[in-house]
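Below is one structure; the comments refer to it alone.
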Amino acid sequence: MTLKLKHIIYIFFCLLVVGTVLSHRVRVIHRQQAIEEAQRAKQLTRKERRPTKQASATAMRQPINWRKSSETKPYPNLAAVGHLWVKVRLKKNRVFVYDGHHLIYTMYCTAGKYRTDPQTGERKSMTPTGTYHIQRQRGNTFYNAKLREGAKYYVSWLNHGTYLFHSVPTGANGKVNVKEAAKLGKTQGSHGCIRLSIPDARWFSKTVPVGTKVVITD
């Protein structure tokens, strides 16, 4: 084998090694770029999700006013909602309106008072927890003579008129019980129903359809 041929083979071998190294390096770079792009996409998705909660939090009216809507933004258009359901957090004094996993509106509320169970010693709300559904009973006003309490704009979610979403309470004369209304969004106080501000109760009773799922948690 001549010296010239050896040089050619050597050069070819060197080029082959360099090509292999470069090819491997390119694959590593592409893989790293793909990982970085996936991480950026994940971070972007998280950032896109955050404004929903932040917007909802910043839209909450302060101070709480039972005469006005809980949020400063308009109520959602339920015709555009694909999977409507409602969650109530009793100790948080909040009602959350969802479209699937997406929170679309938050309301201040007051639910059932907590009492100690004499048998177990547990503190339990007078509002039952569990999963329920909006029922057909609804209206503009009611008054319960036994409890000496009424409300505006109600809709039933359990026992066909026993447990309701309704406004802050009113007396026999239809006037709001201001002392009880002041509890809205701050503490519990009802006999089991879920109290809302007057505008929230009006929208809820006139807009949320029969069959809507209601999940109530402690």
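Index from 1, following the sequence. Atoms considered below: every heavy atom in the structure, side chains included; atoms not considered: hydrogens, waters and symmetry mates.
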Query raised in the report: Under 3.5 Å, is there a donor-acceptor pair between the side chain of Ser70 and the main chain of Met107?
Result: no
Query raised in the report: Less than 4.5 Å apart, any side-chain heavy atom of Lys206 and any of Asn140?
Result: yes
Query raised in the report: Are any side-chain N or O atoms of Ser205 and backbone N or O atoms of Arg138, one a donor and one an acceptor, separated by less than 3.5 Å?
Result: no
Query raised in the report: Are Arg195 and Glu149 within salt-bridge range, i.e. N to O under 4.0 Å?
Result: yes
**Report entry** Note, Gln137 side chain near Val155 side chain (heavy atom, < 4.5 Å)
**Finding:** no
Report summary line: Closest heavy-atom pair, Gly192 versus Thr127, reported as atoms and distance to 0.1 Å, is O-OG1, 2.9 Å
Requested in this report: Using the rule that two of Ile, Leu, Val, Met, Phe, Trp, Tyr join whenever any of their side-chain heavy atoms come within less than 4.5 Å, decide whether Phe165 and Tyr143 are in one cluster.
Outcome: no
**Report entry** Side-chain H-bond candidate by donor/acceptor type, Asn177 with Lys183, under 3.5 Å
**Finding:** no
Query raised in the report: Rounded to the nearest 0.5 Å, what separation is found between the CZ atom of Arg89 and the CZ atom of Phe96?
Result: 6.0 Å
Report summary line: Smallest heavy-atom separation, His133 atom then Gly211 atom, equals CD2-O, 3.2 Å
Query raised in the report: According to a 4.5 Å side-chain heavy-atom criterion applied to Ile, Leu, Val, Met, Phe, Trp and Tyr, with indirect links allowed, do Tyr75 and Tyr154 form part of one hydrophobic cluster?
Result: no
Report task. Let me see the working for Val95 and Ile194 under side-chain contact (heavy atoms from CB on, under 4.5 Å), right down to the final yes or no. Result -> CA-CA 9 Å; Val95 172; Ile194 298 163; 4.0 Å; yes
Query raised in the report: Are Met126 and Leu158 connected in the hydrophobic side-chain network, where two residues link if heavy atoms are under 4.5 Å apart?
Result: no
Query raised in the report: Can you tell me if Ser197 uses its side chain to pair, donor with acceptor, with the backbone of Lys68 under 3.5 Å?
Result: yes
Requested in this report: Give the minimum heavy-atom separation between Thr106 and Arg94, together with the two atoms involved.
Outcome: CG2-CD, 4.1 Å
Query raised in the report: Are the side chain of Tyr163 and the backbone N or O of His160 linked by a donor-acceptor pair below 3.5 Å?
Result: no
Query raised in the report: Should Trp66 and Val176 be marked as a side-chain contact (heavy atoms from CB on, under 4.5 Å) after you check the CA-CA gap, both sets of side-chain angles, and the distance that decides it?
Result: CA-CA 10 Å; Trp66 55 264; Val176 170; 3.7 Å; yes
**Report entry** Closest non-hydrogen atom pair, Gln188 against Lys91
**Finding:** NE2-CA, 3.7 Å
Query raised in the report: Are Val86 and Thr212 side-chain neighbours, meaning at least one heavy-atom pair lies under 4.5 Å?
Result: yes
Query - Min side-chain heavy-atom separation Pro128-Trp157 under 4.5 Å - result: yes
Report task. For Thr110 and Gly189, indicate whether the former's side chain and the latter's backbone hold a donor-acceptor pair under 3.5 Å. Result -> no
Report task. Considering non-hydrogen atoms only, spot the tightest contact between Asp200 and Ser69 and give its length. Result -> OD1-CA, 3.4 Å
**Report entry** Ring centroid separation Tyr153 to Phe204 under 6.0 Å
**Finding:** no
Report task. Using modelled atom types only, decide if a donor and an acceptor are shared between the side chain of Tyr105 and the backbone of Glu71 within a distance under 3.5 Å. Result -> yes
Requested in this report: Give a yes or no answer on whether the side chain of Asn159 reaches the backbone of Thr162 with a donor-acceptor pair at less than 3.5 Å.
Outcome: no
Query raised in the report: Does any non-hydrogen side-chain atom of Leu196 lie less than 4.5 Å from one of Trp203?
Result: no
Query raised in the report: Do Thr120 side-chain atoms and Glu122 backbone N/O form a donor-acceptor pair below 3.5 Å?
Result: yes
Query raised in the report: Are any of the side-chain heavy atoms of Met60 and Tyr108 separated by less than 4.5 Å?
Result: yes
Requested in this report: State yes or no: do Ile216 and Leu164 share one hydrophobic cluster built from I, L, V, M, F, W and Y residues joined by side-chain heavy-atom distances below 4.5 Å, directly or via other members?
Outcome: no
Query raised in the report: Less than 4.5 Å apart, any side-chain heavy atom of Ile198 and any of Arg202?
Result: yes
Query raised in the report: Mind checking whether His166 and Phe142 have ring centres under 6.0 Å apart?
Result: yes
Query raised in the report: Does any non-hydrogen side-chain atom of Ile64 lie less than 4.5 Å from one of Lys186?
Result: yes
Report task. Could you pull out the closest heavy-atom pair between Pro209 and Leu78, with the gap in Å? Result -> CD-CD1, 4.4 Å
Query - Intermediate values then yes/no, side-chain contact (heavy atoms from CB on, under 4.5 Å), Lys92 and Leu90 - result: CA-CA 5 Å; Lys92 291 284 187 181; Leu90 299 179; over 6 Å; no
Report summary line: From the list Ile134, Val214, Val215, Asp99, side chain to side chain contact (heavy atoms under 4.5 Å, CB included) partner of Trp85 resolves to Val215
